[in-house]
Amino acid sequence: MDFAMRVNYVDVVVSDSLKHYYVDGKRMGYQFDIRLSYYRGHFLTVIDEFGITVDGTEVPTERIKFCINGKEFSPSEFDKCYTEFWQVIEPATIRVFYPGGLPEGEHKVGVKLFFRSPYMPIGPDHQYMPVDSCGSKTLTITD
């Protein structure tokens with residue numbers, strides 16, 4: 001991406017939100033919350049790039065679930081989520097399938113999130129302003 005507007009309203013990665021998640025009593029992975037660093041919410045269909053890194057290692061997309069409005073989506077489904085609106089005041093939970101979970105202690109969590117603002121046209125052929133809502137933070141895993 002050549003350029004993107006950046007608006008720092010909130011930290012993207014929510015403090016103290018990293019924890020393991022369990023299925024039938026087995027530790028199946030970890031999760032944390034993120035916020036949209038923008039002044040208004042958007043439909044998930046406007047997300048153009050999304051990725052997660054933990055301790056400098058990129059998490060495979062097929063291991064990620066984006067949880068919002070009581071539903072879970074794979075990032076590959078964003079282009080079909082026309083009716084799923086991410087409220088600017090509501091955090092989304094990112095769930096990563098990682099059997100056994102992360103080791104106890106601190107982990108650097110990074111989020112790559114670029115979306116287009118559908119009400120800010122910047123050129124022909126349906127080009128809209130790209131917005132950078134990326135962020136990172138060091139979190140401590142808790143159970």
Side-chain angles (χ1 to χ4, degrees), residues 1-122 126-143:
M1 183 163 303
D2 294 332
F3 70 94
M5 182 172 70
R6 176 76 184 181
V7 182
N8 291 321
Y9 282 101
V10 296
D11 287 345
V12 173
V13 179
V14 177
S15 296
D16 302 322
S17 65
L18 182 62
K19 60 185 176 183
H20 290 114
Y21 77 89
Y22 295 81
V23 176
D24 293 330
K26 294 182 183 174
R27 191 184 288 177
M28 296 306 293
Y30 57 92
Q31 65 185 38
F32 58 94
D33 293 339
I34 65 171
R35 292 188 180 275
L36 190 60
S37 184
Y38 201 57
Y39 67 94
R40 65 184 290 177
H42 282 286
F43 290 96
L44 297 186
T45 52
V46 301
I47 298 174
D48 291 325
E49 293 182 52
F50 184 80
I52 302 296
T53 58
V54 175
D55 297 329
T57 302
E58 190 172 334
V59 175
T61 302
E62 60 271 10
R63 291 181 172 260
I64 299 171
K65 291 295 182 186
F66 187 97
C67 309
I68 194 163
N69 302 327
K71 303 172 190 168
E72 289 186 358
F73 302 98
S74 170
S76 64
E77 296 176 299
F78 288 158
D79 64 337
K80 297 169 190 68
C81 295
Y82 294 101
T83 60
E84 291 305 322
F85 194 78
W86 186 5
Q87 295 283 349
V88 70
I89 60 171
E90 294 295 324
T93 297
I94 305 304
R95 187 170 281 170
V96 178
F97 177 71
Y98 193 74
L102 293 171
E104 298 295 321
E106 291 186 341
H107 298 277
K108 184 168 183 175
V109 176
V111 175
K112 180 180 181 181
L113 175 58
F114 288 96
F115 65 94
R116 64 193 174 291
S117 187
Y119 58 89
M120 292 179 147
I122 60 170
H126 304 287
Q127 294 177 0
Y128 296 92
M129 177 63 75
V131 179
D132 174 347
S133 190
C134 301
S136 65
K137 189 176 280 186
T138 299
L139 301 175
T140 302
I141 191 84
T142 59
D143 261 337

Please, which pairs that meet side-chain hydrogen bond (donor to acceptor under 3.5 Å, both in side chains) have at least one residue in residues 99-110, sequence neighbours excluded?
-> Asp55-His107

Please tell me if the side chains of Arg116 and Val131 come closer than 4.5 Å, counting only heavy atoms from C-beta onward.
-> no

Flag the pair Val109 / Thr53 as yes when at least one side-chain heavy-atom distance between them is below 4.5 Å, and no otherwise.
-> no

Can you list every pair that meets side-chain hydrogen bond (donor to acceptor under 3.5 Å, both in side chains) and has a residue in residues 58-67, with sequence neighbours left out?
-> none

Nearest 0.5 Å, what's the CZ-CG distance between Phe85 and Leu44?
-> 9.5 Å

Is there a side-chain contact between Leu139 and Ser17, using heavy atoms and a 4.5 Å cut-off?
-> yes

Heavy-atom side-chain proximity of Cys134 to Lys112 below 4.5 angstrom | yes

Would you mind reporting whether Val14 and Arg35 have side-chain heavy atoms less than 4.5 Å apart?
-> yes

Ring pair (Phe, Tyr, Trp, His ring centres under 6.0 Å) partners for Tyr22, two or more places apart | none

If you draw a 6.0 Å radius around CG in Asp79, do more than 12 non-hydrogen atoms from other residues or ligands fall strictly inside?
-> yes

CD1 of Ile34 to CD1 of Ile52, rounded to nearest 0.5 Å, is 6.0 Å

Going through the distances and angles, do Ser133 and Val12 end up as a side chain to side chain contact (heavy atoms under 4.5 Å, CB included)?
-> CA-CA 7 Å; Ser133 190; Val12 173; 4.0 Å; yes

Does a side-chain heavy-atom distance below 4.5 Å link Val111 with Phe32?
-> yes

Run the numbers on Leu18 and Tyr30 for side chain to side chain contact (heavy atoms under 4.5 Å, CB included), then give the verdict.
-> CA-CA 7 Å; Leu18 182 62; Tyr30 57 92; 3.9 Å; yes

Flag side-chain contact, heavy atom, 4.5 Å: Ile68 against Phe73 | yes

Result block: side-chain N/O donor-acceptor pairs under 3.5 angstrom for residues 92-102, not counting sequence neighbours:
unit_1: Thr93; atom_1: OG1; unit_2: Asp33; atom_2: OD1; d: 2.7
unit_1: Arg95; atom_1: NE; unit_2: Gln31; atom_2: OE1; d: 2.9
unit_1: Arg95; atom_1: NH1; unit_2: Glu72; atom_2: OE2; d: 3.1
unit_1: Arg95; atom_1: NH2; unit_2: Gln31; atom_2: OE1; d: 2.8

With sequence neighbours left out, the residues meeting ring pair (Phe, Tyr, Trp, His ring centres under 6.0 Å) with Phe115 are Tyr38, His42

Identify, with sequence neighbours excluded, every residue that meets ring pair (Phe, Tyr, Trp, His ring centres under 6.0 Å) alongside Phe78.
-> Phe50, Phe66

Under 3.5 Å: donor-acceptor pair, side chain of Glu77, backbone of Ser74 = yes

Considering only heavy atoms from C-beta outward, does the side chain of Phe43 approach that of Glu84 to under 4.5 Å?
-> no

